[in-house]
Amino acid sequence: MKKIKLKRISNPELIPIIVFSSVVPLIVYNKFSNLSEVVSKSSLGLSFSADPFSFYKMVLIIACAVLSLIILIPKMIKKEIKPRLNIIAAALSIYIILTILSAVFSEYPGIAFFGGPERMEGALTILSYIIMFIYILHVVDDYRKARTIFHSMMISAAVISIIGAIQFYGMDPFKSEFIRNILNMTPTARFPYDVNTVQGINTSYSTLASTNYMAMYLSLIIPFALGLYASARNNGARLSSSLLIYLLLICLVGSASGGAYYAVGLSMVFILFLSFPYIKRNVINMVMMSVIVIGLMLVTNLFMDNLIARRLNFTTMSYELAIGTEANTSIYIDDIVLGNDTVSIYTTDKSFTVINDGEKLVALTIEGSVIPTYILDEGDLEIPGDVYLFEDNSYSDYFMQAFDGYEIFAVKAGAREMFFYMTDDGIMVPGMANELQKIEPIERNQFIYENVRTFHGRGYIWATSLPMLRDTVILGNGPDTFFLHFPQNDVIGKINMTGRFSVVIGKPHNHYIQIAHDSGIIALLMMLVALGIYLIDSLILLIKYRNQPGSRILRTAAFCGVLGYLVSCLVFDSNVSTSTVFWTIFALGVTLNHQVRHHENG
């Protein structure tokens with residue numbers, strides 16, 4: 001009988017990298033977890049969390065790092081692989097050492113090491129990123145290996161973009177009861193909670209948890225999709241690459257993210273600059289791709305009621321986070337002063353005092369004059385409590401409402417709604433987990449707070465976060481602990497940001513502030529040094545050496561992907577859904593640069 005020989009897997013050392021870069025972003029399976037008392041108090045009083053997108057990604061990331069060490073260390077001991085030490089690796093070594101020390105000395109070491117709920121990006125995860133970076137530098141020592149990883153990421157991108165496009169078309173697979181049962185997203189006896197992953201109508205988040213993370217992913221991967229087209233050798237490959245580019249652009253529109261538009265736009269500028277010789281030699285191919293992609297986008301726009309055009313015109317991104325577009329969003333709360341039975345409200349539009357005597361609400365000017373009001377005749381409307389409207393038309397954006405025998409009352413100022421509770425200790429406001437509190441002074445960067453009120457409330461978060469960094473120059477507060485250190489009792493700030501107080505600020509929405517808070521300002525500087533050296537080195541090599549077309553395509557894509565990602569980091573945070581792709585691309589860029597320099601210098 002003829003023996004069947006099993007074909008040996010080529011380059012098995014690439015398996016951890018392929019899983020890290022291409023499989024991890026696809027993982028979706030819900031994990032219910034009990035929350036500690038400290039975390040629960042900072043999470044609206046919830047006793048458990050549901051995490052379909054982060055926990056098992058984190059587990060697989062750490063597993064990849066462990067496997068990589070098992071492969072790499074024996075090879076280095078046997079001197080089969082020589083250590084590659086450079087300034088980038090040295091800077092990242094300082095960065096991870098400071099990150100680990102920040103976790104060790106953190107007020108919340110458990111979260112700092114293992115990660116917070118629904119994020120899971122603790123020090124162990126970040127250490128795994130660095131291990132994988134070092135592993136890629138040592139293992140991916142030629143262009144063919146880099147190309148293998150590149151193709152695996154493109155397969156992963158195809159899966160992610162197909163799911164994202166389906167979501168954009170209005171058919172979210174995560175709404176399917178069948179899919180939800182498979183992914184453990186339905187209630188159980190222990191956790192009677194229905195996991196809702198839906199981000200909004202016609203939005204794309206795929207397997208990456210949120211539209212923000214989809215935006216970060218696209219800033220990394222779209223340059224590689226263009227590189228896939230540039231490396232195609234026949235029309236069939238060009239057609240499939242064009243379809244992938246179309247799907248990724250649909251997901252970009254579905255992310256509804258201005259930050260992603262700017263990040264991808266900047267990448268495109270550099271791609272055009274660095275790839276101009278290729279474009280000039282391949283005009284017909286570029287025209288073919290443009291016709292296919294633009295044609296499909298136009299057809300999609302036609303069948304979706306001009307949605308793409310409206311998104312690209314930023315019209316659907318002009319509203320503020322969770323407020324809506326009907327109420328007047330231009331009114332902000334400057335201050336609220338609580339008394340025993342009075343509340344003085346200072347807004348950017350009006351200033352007045354409300355008196356609650358237990359039977360009626362009376363509005364006064366700050367000077368003490370009565371502002372005429374009347375109680376709304378409900379008619380057939382079922383409105384809880386008494387609603388007070390102002391007779392003066394200049395107060396048309398304001399009204400008051402009393403509930404529960406005037407024990408609770410609310411004041412609405414445009415899109416901002418404030419609730420007040422009558423207690424024996426005077427009027428109080430609801431805070432985290434609905435615990436009643438007084439309004440406490442919060443330190444902020446006033447310039448940013450007053451002048452950067454766009455970006456879906458990010459200006460408020462940044463203004464409040466920056467003063468926190470005074471204490472994180474050498475060491476940070478520990479990875480993933482931002483939500484525990486942020487002043488969650490900031491009632492006025494949260495009302496200005498979202499229109500309501502009941503929201504948890506879980507992250508700074510800026511990766512650079514995130515690093516400075518979690519690992520320290522010195523760690524941030526080390527990270528910027530590593531990235532800056534890579535970007536400068538890449539640009540010099542791409543301009544100086546125009547041979548090696550295959551390697552050049554990947555190096556251009558890596559440079560533009562990292563650059564776009566760093567722009568997106570201005571408004572987004574690091575996360576386990578996209579960081580594996582970033583660290584892989586960053587490491588590929590560094591090792592390909594090393595190979596080019598070694599080749600050119602003989």
Side-chain angles (χ1 to χ4, degrees), residues 25 53 153 156-158 160-169 199-227 244-272 293 297 300-301 304 307-321 452 454-459 461-462 507-514 531 557-582 585-586:
F53 294 107
M153 289 196 298
S156 178
I160 289 171
S161 63
I162 289 171
I163 296 172
I166 292 172
Q167 291 169 336
F168 178 75
Y169 299 144
Q199 302 286 308
I201 300 173
N202 302 121
T203 57
S204 301
Y205 59 95
S206 191
T207 59
L208 306 178
S210 80
T211 55
N212 288 346
Y213 299 162
M214 171 63 88
M216 294 188 83
Y217 176 77
L218 294 171
S219 67
L220 282 164
I221 216 71
I222 285 178
F224 279 86
L226 293 170
L244 176 59
I245 293 169
Y246 159 73
L247 290 172
L248 291 171
L249 291 178
I250 283 294
C251 291
L252 180 63
V253 176
S255 74
S257 168
Y261 295 172
Y262 289 126
V264 172
L266 180 63
S267 295
M268 292 304 101
V269 171
F270 276 89
I271 286 175
L272 290 173
V293 173
M297 295 289 283
T300 305
N301 186 60
M304 297 196 69
L307 178 61
I308 294 178
R310 285 184 282 120
R311 287 271 176 88
L312 294 177
N313 196 34
F314 293 86
T315 56
T316 59
M317 292 183 289
S318 60
Y319 61 84
E320 297 193 35
L321 182 63
V452 187
T454 54
F455 302 112
H456 296 246
R458 285 172 170 81
I461 300 176
W462 300 338
K507 45 191 180 291
H509 288 279
N510 181 297
H511 185 28
Y512 307 107
I513 294 177
Q514 180 186 20
L531 289 164
F559 170 80
C560 294
V562 169
L563 185 64
Y565 179 84
L566 295 181
V567 173
S568 71
C569 284
L570 291 169
V571 291
F572 302 131
D573 309 89
S574 174
N575 60 88
V576 294
S577 292
T578 62
S579 289
T580 58
V581 181
F582 162 71
I585 291 173
F586 182 20

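The figures that follow rest on heavy atoms only: side chains count, while hydrogens, waters and symmetry mates do not. These numbers were taken from a predicted model, which means no experiment stands behind them.
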Which atom pair, heavy atoms only, marks the closest approach of [X] to [Y]?
X	Y	value
Ser267	Cys560	OG-O, 2.9 Å
Met214	Ser206	CE-CB, 3.4 Å
Gly561	Leu220	O-CD2, 3.6 Å
Val571	Arg458	O-NE, 2.6 Å
Ala263	Val567	CA-CG1, 3.9 Å
Asn301	Leu307	OD1-N, 3.4 Å

Please answer whether the main-chain N or O of [Y] pairs with a side-chain N or O of [X] as donor and acceptor at a distance below 3.5 Å.
X	Y	result
Asn510	Leu570	yes
Trp462	His509	yes
Arg311	Ala256	no
Ser210	Asn212	yes
Ser161	Leu248	no
Ser219	Met216	yes
Gln514	Asp573	no

Exercise for review: Give a yes or no on whether the ring-centroid distance for Phe572 and Tyr213 is below 6.0 angstrom.
Suggested key: no

Exercise for review: State which residues pass side-chain contact (heavy atoms from CB on, under 4.5 Å) with Thr300; sequence neighbours excluded, sorted by chain then number.
Suggested key: Phe168, Tyr169, Tyr246, Ile250, Met304, Ile308

Working to the nearest 0.5 angstrom, can you tell me the gap between [X] [atom1] and [Y] [atom2]?
X	Y	atom1	atom2	value
Ile271	Leu266	CD1	CG	10.0 Å
Cys569	Ile513	SG	CD1	12.0 Å
Ser568	Leu563	OG	CG	10.0 Å
Leu244	Ile222	CG	CD1	9.5 Å
Tyr205	Cys251	OH	SG	12.0 Å
Leu218	Tyr261	CG	OH	10.0 Å

Non-hydrogen side-chain atoms of [X] and [Y] separated by less than 4.5 Å:
X	Y	answer
His511	Leu566	no
Ile162	Ile166	yes
Ser577	Thr207	no
Lys507	Asn575	no
Thr578	Pro25	no

Practice item. Take Ile585 and Met153 through the side-chain contact (heavy atoms from CB on, under 4.5 Å) test and state the conclusion after the steps. Key: CA-CA 10 Å; Ile585 291 173; Met153 289 196 298; 4.1 Å; yes

Review point. For the residue pair Phe270 and Phe559, does the interplanar ring angle fall in the parallel (under 30°), tilted (30 to 60°) or perpendicular (over 60°) class?
Key: perpendicular

Check your understanding: Does any donor atom in the side chain of Ser255 or Thr211 lie under 3.5 Å from an acceptor atom in the other side chain?
Key -> no

Check your understanding: After noting the C-alpha distance and the side-chain angles of Gln167 and Asn202, does the key distance pass the side-chain contact (heavy atoms from CB on, under 4.5 Å) rule?
Key -> CA-CA 6 Å; Gln167 291 169 336; Asn202 302 121; over 6 Å; no

